[in-house]
Amino acid sequence: MTEKKTATPNEISRSADKMALSEPPHTAPSGGEWHQSGEDGAQPLTTNQGLKIADNQNSLKAHPRGPTLLEDFILREKIFHFDHERIPERIVHARGTGAHGVFELTDSLEPFTTAKILTEVGESIPVFARFSTVTGGAGSVDTPRDVRGFAVKFYTKQGNWDLVGNNIPVFFIQDAIKFPDLIHAVKMEPDRAFPQAATAHDTFWDYISVTPESMHMVMWIMSDRTLPRSLAMMEGFGIHSFRLLNSEGKSTFVKFHWRPKFGLQSTIWDETMKITGADPDFHRRDFFEAIEAGQFPEWDLAVQLFTQEEADALPFDHLDPTKLIPEELIPLRVIGRMTLNRWPDNFFAETEQIAFCPSNILPGMDFSNDPLLQGRLFSYLDTQLSRLGSPNFHQLPINAPKCPFANQQRDGHMQMAPQAGRVAYEPNTLAPDAPREDPAQEFVSAKIEESGVKGRIRPESFADHYSQARLFFLSQTAYEQAHIASALVFELSKVAQTSVREAMVGHLRHIDENLAVRVAHGLALTPLPPAPPASVPIKDLPLSPALQLIGKAKDTLLGRVIGILIDNGSDAATVAKLKQAALDAGARVKLIAPRIGAVKLSDGSVIAADGQLAGTPSVLFDAVALVLSAESAKLLCKESVAVDFVRDAYSHLKGIAINKESELLLEKADATSTLGITSANNVEQFLKFAKTRQWERESSHRTLA
Ligand code: HDE
């Protein structure tokens, strides 16, 4: 055995000395990433005080191998700034993705409001929208089962309007005072700091089991709504009722809805878990790539308008945020369109520092008495102070109104405005040009008479916790109902406390006895636990098919991504034809190959793949095509990633196109049904399959509850 030679301390220091001599501090290290000032037209690198920096690679030392000097203000400034790069993340909705865009009104609401954004048809209003998960930290994954935030800041000429909603039209609780408890229950458990970004644990379900008002929301979060395929394939909801005020001060209630042009689409739970492993940034990347490709995510903005009298006639209280108003009762009126078309220049400056406040409304708008909304009006301003650290957070470019704004608020941490002049108060006589109030102007609150007994009292009209949960569940297709039942079994199986599982099944009996039986069976829970007392009788409401996902699927490929598996020898004409047809239909296409750099097709042409097979599984696509040579197909039958590629596409109910030579792989993956599978030459049929999932295939793959 040869002895391993180690360098002596002297040898090491000698070579370090040599380095120091051969690389004088003022030259760039090799690698070419460093530019001297002015070289190649690059901007000079400076300190924050504007001093040009000659050496950004070596700190100032007493001698080449000596200690670093405290006087190195360049080093200290750089490290000081770095040490403070992070700001507190949002306590909820920490992980988010944002983009710039425009909103354009198509239908004026002039009879109802003086808000110009809702009356001036055709005006292009800049917006920034941020989508988020609720539960996880900023570094968590994009795809947990979770509600998604859907927050939009409109920079209007009358000031900023923030519509801060979710992708689900109801919420867990009826009163803001409960919010910290709800969030503490759902976040990772405080003693063990797990699970991250998951509802499937004891404290969440323990809290829910004693909070019957959350049952309607529970039905939504257990549905595939919490597994969106893309941020651009989600609906958005303002949830609460707001008020619109017209020029006579007359008030009309309004609920806001966003409807995606790309249609609604969700992933399947097994697929979602695999996506999480394959690409923790799945939604962020998808959104980025769609915008880069010019497939701009787009939503219609719709409203439900109703008077006090109509509100009084509803079979539930619209001020209760655990209730929705079915479209079948008050139809949606589409009034405008939002298009997101520009990725931020800097994630931190824009997506992280944007500060939404539901209290940011416009003239011609006002709040309702929804007790959850009322609490939110306090919370968001308060949270910005602790997150952004200054009452001047509105001066950050992403938060500043794009219309003039002026007042006598002064100073404060990080004041950016050079607030000139002697007068910092209003009213005054010394500064005639200074900003002043104008009673004739713009924002006035709705003149609403309030009367009643002051107290911590929940209205009786908030007492029905089960009827709308039942309405939601019964309105779903059979596939969606099975997904809800299975999600409940999955989640409650992660709950160690049997009493909590039992309590939840008890609640389900009020929603639908059959659902309770299915979940109890999935948990091996016998006998069926008793239902808790319900405060008021449960009503059977007319079903609302508008609450479905599958029933509402759109006939479109917009925003979808098709994966084509190729290898050396793949038929060039088939690949080209599939690719072009998918692009023409509005999809994006990625070519996947066992090796990424160069694939030699049947006609001798050489192309680069977009993804390497092992790192680009089929869970990342909406539909897949296999165009392999006979030789490749045979070889790939021995590659588990290739077999999984097909097996997963098949069991996740995706459309599959396949050429004759690749059929071996179908057999290897046990893909026995022909539903949703077609020849790679039948492009039209493949694209039809690609628009949806082959739901009929599902029962042959997994046992749903
Ligand atoms: Fe929020 N919520 N929330 N929330 N929320 C925050 O504000 C809060 C609620 C929503 O992309 C925080 O800036 C309370 C309902 C979104 O930046 C915080 C209550 C709905 C976002 C806060 C609610 C939402 C937030 C954390 C109960 C749907 C992300 C950081 C009264 C309509 C916005 C921040 C973004 C963020 C408080 C309930 C949506 C702590 C107290 C209901 C989309 O202020």
Side-chain angles (χ1 to χ4, degrees), residues 87-100 127-138 146-154 160 162-187 211 213-214 216-217 220-221 225-226 231 234-242 254-258 283-284 287 319-324 340 344 347-361 367-389 393-394 396 398-399:
I87 59 172
E89 63 179 39
R90 291 164 173 84
I91 171 67
V92 281
H93 297 267
R95 183 166 179 87
T97 303
H100 294 272
V127 300
F128 189 90
R130 183 175 180 274
F131 306 95
S132 45
T133 55
V134 178
T135 310
D146 199 0
V147 184
R148 298 304 191 280
F150 192 125
V152 182
K153 193 182 279 294
F154 301 79
N160 286 354
D162 292 356
L163 185 53
V164 196
N166 279 345
N167 75 330
I168 288 179
V170 290
F171 201 64
F172 290 100
I173 47 173
Q174 296 175 319
D175 194 308
I177 201 166
K178 291 168 167 249
F179 191 66
D181 296 302
L182 166 73
I183 299 304
H184 288 171
V186 71
K187 284 250 170 193
T211 311
E213 73 208 57
S214 61
H216 186 192
M217 180 75 166
W220 283 82
I221 62 168
R225 294 262 175 175
T226 42
L231 300 173
M234 310 191 300
E235 292 180 337
F237 304 90
I239 300 189
H240 320 281
S241 298
F242 289 83
V254 60
K255 277 184 184 277
F256 294 101
H257 298 247
W258 292 107
H283 283 148
R284 190 175 282 193
F287 216 66
L319 296 180
D320 170 357
T322 68
K323 305 294 186 294
L324 54 81
L340 300 180
F347 180 89
F348 179 82
E350 298 164 85
T351 310
E352 191 61 14
Q353 290 199 119
I354 193 162
F356 292 97
C357 297
S359 49
N360 291 350
I361 54 169
F367 311 112
S368 72
N369 285 353
D370 175 338
L372 198 64
L373 173 61
Q374 294 282 323
R376 295 179 74 204
L377 300 180
F378 161 74
S379 175
Y380 291 65
L381 194 61
D382 185 55
T383 217
Q384 306 316 344
L385 189 61
S386 92
R387 233 170 55 72
L388 298 167
F393 71 87
H394 63 280
L396 292 170
I398 194 68
N399 293 323

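Indexing begins at 1, ligand by ligand and atom by atom, following the structure's order. Values below: every heavy atom of this structure, side chains too, minus hydrogens, waters and symmetry copies.
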A.B. asks: For ligand 1, which atoms sit closer than 4.0 Å to a heavy atom of H93?
C.D. replies: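 Those qualifying, in numeric order: 5 (N), 10 (C), 16 (C), 21 (C), 25 (C), 29 (C), 36 (C), 39 (C), 43 (C).
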A.B. asks: Atom CZ in R90, atom CD in Q384: separation rounded to 0.5 Å?
C.D. replies: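 Nearest 0.5 Å value for the CZ-CD distance: 7.5 Å.
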A.B. asks: For atom CD1 of I87, decide whether the heavy atoms of other residues, nucleotides or ligands shown that lie under 6.0 angstrom number more than 12.
C.D. replies: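 Enclosed.
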A.B. asks: Under a 4.0 angstrom heavy-atom cut-off, which atoms of ligand 1 come close to F150?
C.D. replies: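 Heavy-atom distances to F150 below 4.0 Å select 43 (C).
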A.B. asks: Around atom CZ of F347, are there more than 12 heavy atoms from other residues, nucleotides or ligands closer than 6.0 Å?
C.D. replies: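 For F347, atom CZ is crowded (more than 12 foreign heavy atoms under 6.0 Å).
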A.B. asks: What are the two closest heavy atoms between Y380 and C357, and how far apart are they?
C.D. replies: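 Looking at all heavy atoms of both residues, the closest pair is CB-CA, 3.8 Å.
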A.B. asks: Would you check whether K178 reaches within less than 4.0 Å of ligand 1, judged by its heavy atoms?
C.D. replies: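 Not so, K178 does not reach ligand 1.
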A.B. asks: Where is the nearest protein heavy atom to atom 30 (C) of ligand 1: which residue, which atom, and how far?
C.D. replies: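 Heavy-atom neighbour on the protein nearest atom 30 (C) of ligand 1: R90 CG, 3.4 Å.
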A.B. asks: Return a yes/no value for Q384: is any of its N or O atoms, backbone included, closer than 3.5 angstrom to an N or O of ligand 1?
C.D. replies: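 N/O-N/O distance below 3.5 Å exists for this pair.
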A.B. asks: Specify the protein heavy atom at minimum distance from atom 34 (C) of ligand 1: its residue, its atom name, and the distance to 0.1 Å.
C.D. replies: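 Heavy-atom neighbour on the protein nearest atom 34 (C) of ligand 1: T383 CG2, 3.3 Å.
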A.B. asks: Which atoms of ligand 1 sit under 4.0 Å from any heavy atom of F356?
C.D. replies: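 It comes down to these atoms of ligand 1: 11 (O), 17 (O), 33 (C), 35 (C).
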A.B. asks: Using a 4.0 Å cutoff against the non-hydrogen atoms of R130, which atoms of ligand 1 qualify?
C.D. replies: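 Those qualifying, in numeric order: 11 (O), 17 (O), 35 (C).
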A.B. asks: If you count the atoms of ligand 1 from 1 in the order shown, which ones are under 4.0 Å from a heavy atom of A176?
C.D. replies: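 Numbered from 1, ligand 1 contributes 31 (C).
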A.B. asks: For G96 and ligand 1, answer yes if some heavy atom of the residue is under 4.0 Å from a ligand atom, otherwise no.
C.D. replies: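 No, that is not the case, since the closest heavy atom of the residue is not under 4.0 Å from the ligand.
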A.B. asks: Could you find the nearest protein heavy atom to atom 39 (C) of ligand 1 and give me its residue, atom name and distance?
C.D. replies: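 Nearest neighbour among protein heavy atoms for atom 39 (C) of ligand 1, to 0.1 Å: R376 NH2, 3.3 Å.
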A.B. asks: Whether K153 engages the ring of F356 as a cation-pi pair (distance to the six-membered ring centre under 6.0 angstrom, angle to the ring normal within 45°) should be assessed.
C.D. replies: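 Yes, cation above the ring, under 6.0 Å and within 45°.
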A.B. asks: When you measure from atom 18 (C) of ligand 1 to every protein heavy atom, which one gives the shortest distance, and what is it?
C.D. replies: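 Residue, atom and distance for the closest contact: S379 OG, 3.8 Å.
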A.B. asks: Show me which atoms of ligand 1 lie under 4.0 Å from any heavy atom of I91.
C.D. replies: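 By the 4.0 Å cutoff, the relevant atoms are 40 (C).
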A.B. asks: Who's the nearest protein heavy-atom neighbour of atom 8 (C) of ligand 1, and how far?
C.D. replies: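 Checked against all protein heavy atoms, atom 8 (C) of ligand 1 sits closest to F179 CE2, 3.3 Å.
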A.B. asks: Suppose we measure from atom 3 (N) of ligand 1 to each protein heavy atom; which comes out shortest, and what is that distance?
C.D. replies: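 Protein heavy atom with the smallest distance to atom 3 (N) of ligand 1: Y380 OH, 2.8 Å.
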A.B. asks: Looking at L231, I398, T351, which hits side chain to side chain contact (heavy atoms under 4.5 Å, CB included) with R130?
C.D. replies: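 It is T351; the other options fail the test.
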A.B. asks: Starting at CD of Q353, measure out to CZ of F348 and round the result to the nearest 0.5 Å.
C.D. replies: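 One gets 4.5 Å once the value is rounded to the nearest 0.5 Å.
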A.B. asks: Using only heavy-atom distances, determine whether the side chains of R376 and H240 contain a donor-acceptor pair under 3.5 Å.
C.D. replies: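 There is such a pair between these side chains.
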A.B. asks: Taking all non-hydrogen atoms of both residues, which atom of P169 and which atom of L324 are closest, and how far apart?
C.D. replies: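 In this case the closest contact between P169 and L324 is CG-CD2, 3.8 Å.
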A.B. asks: List every atom of ligand 1 that sits less than 4.0 Å from any heavy atom of L372, numbering the atoms from 1 in the order shown and giving each element.
C.D. replies: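 Those atoms are 27 (C), 31 (C), 42 (C).
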A.B. asks: In terms of ring plane angle, is the pair W258 and F150 parallel, tilted or perpendicular, where the classes change at 30° and 60°?
C.D. replies: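 Correct class here is parallel.
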A.B. asks: How far is atom 43 (C) of ligand 1 from the closest protein heavy atom, and which atom is that?
C.D. replies: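 Minimum-distance protein heavy atom for atom 43 (C) of ligand 1 reads G165 O, 3.1 Å.
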A.B. asks: Mind telling me whether F242 and F256 have parallel, tilted or perpendicular rings, with 30° and 60° as the class edges?
C.D. replies: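 Ring orientation, 0 to 90° scale: tilted.
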